[in-house]
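All chains are named by letter (A, B, ...) in the order of the sequence lines, taking the proteins before the strands, and each is independently numbered beginning at 1. We use all heavy atoms of the structure for the numbers below, so side chains are in, but hydrogens, waters and symmetry mates are not.
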There are 2 protein chains.
Amino acid sequence: MAEKRACNHSCAHQACISLVPIFNHLEPAQMDEIMQTVQPGSYKKGEVIYRAGDQSDSLYIVNKGKIRIYRLSESGKEQLVRILNPGNFTGELALFQENVHEAYAEAVVDTEVCTIKRSDLQEFLIKYPSISLKILSEFSNRLEKSERQTARFATERVETRIALFLAECVEDQDGSLHIQLPMSKKDLASYLGTTPETISRRLTAFEEQGLIKQVGQRKMEILKLDDLLLI
Amino acid sequence: MAEKRACNHSCAHQACISLVPIFNHLEPAQMDEIMQTVQPGSYKKGEVIYRAGDQSDSLYIVNKGKIRIYRLSESGKEQLVRILNPGNFTGELALFQENVHEAYAEAVVDTEVCTIKRSDLQEFLIKYPSISLKILSEFSNRLEKSERQTARFATERVETRIALFLAECVEDQDGSLHIQLPMSKKDLASYLGTTPETISRRLTAFEEQGLIKQVGQRKMEILKLDDLLLI
DNA sequence: GAACAGACTTGATGCCGGTCAATTTCTTAA
DNA sequence: TTAAGAAATTGACCGGCATCAAGTCTGTTC
């Protein structure tokens, strides 16, 4: 791997490795070893990072910016699955199964990533089994969240899914009741399996019921969190 | 662990270990070691194996019978997540995160299981890292399937979800066009996020369109698989 | 600052699919 | 075999939400 070394350890693009939960428990020396294999990449706003069906052979770690991960359904419609912020990664599924992306990824704004070749990563998995355990923990969380999301789709109405999403925003933002939506309403609609129109209407209805107070494009104040969750 | 030994290696309830993909790559001696830690359990038809909120400290492997795994949504409605057959297991999520079940499990028919204590399994994970890799692969598949399912809920109509499910039945049954539904229509409705009435109506409609031919309770013949998938 | 494109809102309309109810068919137990 | 209780079907009804169509507002680029 040493021959891939592009620059020394202090390169900015490598620093993100230390942000990633699956690596940051390692010894400094081991972390350096991983950093040697990292390749930088950058994408302009709106640029596609990989497409569904692309050969998938790398792990992408977000260094700066924001990435949208979409999934295409059988009939070609797309759903927003997740938004990646610095320290998050994608491409991990391909490590353990067929090597074609099922999803596609797009830069929301100008974005810098670090990529690690799949083969390099697999070497590290064998060399440092603790990484496997970290990835297992990550997968476990993701699976849990994904199944929860599926159950919500299967059993809850759109109104409830929106309310639950707002509650999650409160949690993510450390319990503050002044929240900021992490994405546009169009993206949110895709994520929640509805339309921007319906999101807009439900939020207005919540406001008329005195449950929330909208303030500007993506900001709002949650007035009655408990009542919101009873919907 | 040896002191837990309840009987010798030939015990029937232990044999299932060799059926489980995450263990069956091990050396016979290692597999025996795991078998020593296995405890048998049996449940009558309809009996609950664990509830949402229960302390979760074991992996359950189905030896004989069938188990339904349900998830409860925030408002108490339940969705069928998965059905376990012999060789399948549940309780794996709790290995890597908080130790409370988010789902609940119920025996569909009289069922025998093997349980492995979480602490025992964690020892094995450290001792035999190859098990981690197998579980990673399993998780990776599950995550992939779960996200696909979520995307279907988000983007496809009930009619399409039913058609896609039928296509999966064909795959699972080795491409045979004479398929058997793996569960009752009530369960299927819960799994697909709809109602038994709607399932019944859509299948009748498929039949009237000449796409399938229903024959008896849970059996049918797929006449035009391609057309079914264009819906 | 003007102009433009996106993002968001609001209204009107229609239909998919959930709900309730009444049979009918199948399964299980006595 | 019969009886009882599920499971499945079929019909009537209607409400939630998608769709289409106009706007309004925001932010960005000359």
Side-chain angles (χ1 to χ4, degrees), chain A residues 44-46 66 68 73 75 77-80 83 106 108-110 152-163 165 180-209 212-220 231, chain B residues 44-46 66 68 73 75 77-80 83 106 108-110 152-166 180-209 212-220 231:
Chain A
K44 289 260 170 66
K45 172 179 174 179
K66 215 181 249 268
R68 272 192 281 253
S73 73
S75 61
K77 279 162 263 174
E78 58 192 33
Q79 189 219 1
L80 178 64
I83 286 194
E106 177 194 57
V108 181
V109 296
D110 291 358
R152 285 182 186 174
F153 274 113
T155 62
E156 306 289 5
R157 313 192 296 141
V158 169
E159 185 178 42
T160 311
R161 300 206 296 271
I162 296 174
F165 182 83
Q180 171 142 20
L181 296 181
M183 55 184 112
S184 72
K185 296 209 171 119
K186 194 178 148 207
D187 282 346
L188 184 55
S190 172
Y191 180 73
L192 294 178
T194 179
T195 60
E197 292 96 322
T198 297
I199 300 257
S200 182
R201 272 186 257 268
R202 295 335 301 179
L203 289 181
T204 304
F206 288 160
E207 188 157 27
E208 283 167 356
Q209 296 167 52
I212 68 171
K213 184 162 159 31
Q214 299 188 68
V215 35
Q217 277 286 57
R218 291 193 194 178
K219 286 182 193 141
M220 65 184 71
I231 282 175
Chain B
K44 289 260 170 65
K45 172 180 175 178
K66 215 180 249 266
R68 271 192 283 251
S73 74
S75 61
K77 281 162 263 173
E78 59 192 31
Q79 189 219 1
L80 178 64
I83 287 193
E106 176 195 58
V108 181
V109 295
D110 291 358
R152 285 182 186 174
F153 274 112
T155 62
E156 306 290 5
R157 313 194 294 141
V158 169
E159 185 178 41
T160 311
R161 300 206 296 272
I162 295 174
L164 289 169
F165 181 83
L166 294 182
Q180 171 142 19
L181 296 181
M183 55 185 111
S184 72
K185 296 207 172 123
K186 194 179 150 206
D187 283 346
L188 184 55
S190 172
Y191 180 73
L192 293 177
T194 179
T195 59
E197 292 95 322
T198 297
I199 302 256
S200 182
R201 272 187 257 269
R202 294 337 300 179
L203 289 181
T204 304
F206 286 160
E207 188 156 26
E208 282 166 356
Q209 295 166 53
I212 68 171
K213 183 161 160 34
Q214 300 188 67
V215 34
Q217 274 288 56
R218 293 192 191 178
K219 286 183 194 142
M220 65 184 70
I231 281 176

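Distance CG/B:L181 to CD/B:Q214: 8.5 Å, rounded to 0.5 Å. Remark: A:I231 CD1 to A:R202 CZ distance equals 8.0 Å, nearest 0.5 Å. The line from CD of B:E208 to CG of B:L203 is 11.5 Å long, rounded to the nearest 0.5 Å.
The NZ-C1' distance, from A:K77 to D:dT19, rounds to 13 Å in whole Å. If you measure from atom CZ of B:R161 to atom P of C:dG18, you get 8 Å, rounded to the nearest angstrom. A:E208 has its CD atom 12 Å from the C1' atom of C:dT9, to the nearest Å. Taking atom CZ on A:R157 and atom C1' on D:dA18, their separation rounds to 15 Å, with Å as the unit. B:I231 places its CD1 atom 16 Å from the C1' atom of C:dG17, with the value rounded to the nearest Å. Distance, A:E159 CD to D:dG15 C1': 13 Å, rounded to whole Å.
Put simply, B:T198 has no side-chain N or O that comes within less than 4.0 Å of OP1 or OP2 on C:dG17. Taking 4.0 angstrom as the limit, B:T194 places a side-chain polar atom (N or O) nearer than this to OP1 or OP2 of C:dG18.
Using modelled atom types, one side-chain atom of B:D110 and one backbone atom of B:K45 make a donor-acceptor pair closer than 3.5 Å.
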Going by atom type alone, with no hydrogens or angles, which donor-acceptor pairs under 3.5 Å involve a side-chain atom of residues 185-195 of chain B and a protein atom two or more places apart or on another chain?
residue	atom	partner	partner atom	Å
B:D187	OD2	B:R68	NH1	2.4
B:S190	OG	B:L80	N	2.8
B:T195	OG1	B:T198	N	3.2
B:T195	OG1	B:T198	OG1	3.0

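DNA chain C is contacted by both B:K45 and B:E156; B:E156 maps to the nucleotide lying nearer its 5′ end (nearest heavy atom per residue).
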Anything under 3.5 Å between a protein N or O and an N or O of nucleotides 3-9 of chain D, put it in a table, one pair a line.
residue	atom	partner	partner atom	Å
D:dA8	OP1	B:K185	N	3.2
D:dA8	OP2	B:K185	N	3.2
D:dA8	OP2	B:K186	N	3.3
D:dT9	OP1	B:K185	NZ	3.1
D:dT9	OP2	B:K185	NZ	3.3
D:dT9	OP2	B:S200	OG	2.8
D:dT9	O5'	B:S200	OG	2.9

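Among all heavy-atom pairs drawn from B:E106 and B:G46, the shortest one is CG-O, 3.7 Å.
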